[in-house]
Amino acid sequence: MNVRTRFAPSPTGDVHIGNIRAAIFNWLYARHTGGAFLLRVEDTDRARSTDEACRRLLEVMEWLGLTPDEEPLYQSTRQSAHLEAAEQLLQNGHAYRADKGDTGQGEAVLFRMPGRDFSFHDDVKGDLRKAAADMKDFVIARANGTPVFHLANVVDDIAMGVTHVVRGDDHVENTFRHLALYEALGAAPPRFAHLPMIVNAQGKPYSKRDGDAFVGEFREKGYLPDALFNYLALLGWSPGDDREVMSRDELVAAFTLERVQASAAQVDLRKLEWMNGEYMRALPEAEREALYRDALERAGLWSGAFSEEYFRDVCALMQERVKLAPLFPEQAGFFFTEDFAFDEKAVRKRLLKEGGLDALRQMRDALGAIDSFTPETTEAALRQRAETLGLGAGALVHPVRVAVSGLPGGPGLFEMLAVLGKERVLARIDRALSRFADPVTEG
RNA sequence: GACCCCAUCGUCUAGCCAGGCCUAGGACACCAGGUUUUCAUCCUGGUAACACGGGUUCGAAUCCCGUUGGGGUCGCCA
């Protein structure tokens, strides 16, 4: 039997991290078994399902590489099939019309539960059972003639040939009803696997109020799709060995429903960030540069006044230090503008305190005296001067760093100076000197 | 409230189904040290968990029962 899994979201706004995780597990399982991953857009709630929401859903899935193997099925196009099924159930006595009296719109179609216990083997949670007494008949078609979720869901899963329903924990109770529906419809039920919930950093179920809950937001913040995918795959599942950073192929090869955790998992943004850093560093140079360039453009720092070579030199210096591409302008913006901000604390600590400005003057002199500006020459000049003054190298390094970058940390100073070039370095030192030596500014 | 599910370091987890190899392993985070001019990276070390109580057994994180705590579901929403 060929495995067919599906992701069946209702496009009512942004895609939630918990939902997309379900999609990831479905995709992974289909790939692992050589089966097909399908998408069914449950857009029957027209009031909430907008074209915009659908578009965003598809875009996000594409971004994560969750491409369906067949054309998506839009549930709104299936109404007649759903209603036919309801009619069939009415005919053979599995359903009946009744007015539950809560809409004032007349009779709805209710499914008649067979009055016996239902049980199934959940591939994640094990054997589950529900007593007949704990289940009631339920509406499958409204008085206004539209089909209800349970009916539509089952009819479409049958039509799509879905063999494995892998979905959120919140659907376990529905499964018993669905099982009865499959039976009444004369169809063999698929296997079921219910995924544990994902909870937020406070340990509470995600709500719309939680920031950081939408896939689109992760994208905007600069998380790489492979990193997010990898991280999410590890929430509620593990390969059983000590691997954490895993390629798509490795994840596919290792993924089984059997290894899915039964308990809820909490999102840890710091671990996600770490993982993103891993993926950033592993990126091919050109891709990383493209991300940096994009971030610079957004920050309005990409002027075209700099050569390709210069830009690439900067990237090379920054690659180990930027965990999220959008942070690049913040950390490396000073390479691209003379109008960079000074970190207040750094200025206080490195320039305004004990001999900071003197050190700067010394370095202005030392650096002004050399012609070629390479990491070697600038380092030699600095160390020489430090020795002459009887100071540690750090006493000269830090003030220069702050003067030319405005920041307390960053790439190696000498590499930085070489990339910046003598002219700009001296100009920046001069400007820092006049700006911070001014007694008005001082103290 | 009823029904159902879950329970290992702060977090994600390995181990549990097939009880001894577990003085419970890994990762993130954190702390200390090393490397580095700084930050990041990298290396070394460390703190830290089987929710509780019974039982079964020669032996329990692993099996059973209960307690507690958490979660889900009880719509003519999906």
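Protein chains get the first letters and strands the later ones, always in sequence-line order, with residue 1 at the start of each. Keep in mind the model is a prediction, meaning the values are calculated, not measured.
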Might you confirm whether atom CZ of Arg97(A) has over 12 heavy atoms from other residues, nucleotides or ligands at distances under 6.0 Å?
no
Taking the P atom of each, how far is A18(B) from U68(B), in whole Å?
29 Å
Name the pairing partner of U38(B), where a pair is Watson-Crick or G-U wobble with both distances under 3.5 Å, or state none.
none
For A14(B), does either OP1 or OP2 sit under 4.0 Å from a side-chain N or O belonging to Arg259(A)?
yes
Contacts of Asp99(A) that satisfy side chain to side chain donor-acceptor pair (under 3.5 Å) - sequence neighbours left out:
none
Looking at Gln261(A), I'd like to know whether one of its side-chain N or O atoms comes within less than 4.0 Å of OP1 or OP2 on A7(B).
no
So which nucleotide does A51(B) pair with, by the Watson-Crick or G-U wobble rule with both distances under 3.5 Å?
U67(B)
Does A78(B) have OP1 or OP2 sitting under 4.0 Å from an N or O in the side chain of Arg142(A)?
yes
Under 4.0 Å from OP1 or OP2 of C77(B): is there any side-chain N or O of Ser10(A) that close?
no
Which of these nucleotides, A14(B), C12(B), G75(B), is closest to any side-chain atom of Ser238(A)?
A14(B)
Under 4.0 Å between a side-chain N or O of Arg243(A) and OP1 or OP2 of G25(B)?
no
With a 6.0 Å cut-off on ring centres, are Phe436(A) and Phe342(A) close enough?
yes
G71(B), OP1 or OP2 - any side-chain N/O from Lys204(A) closer than 4.0 Å?
yes
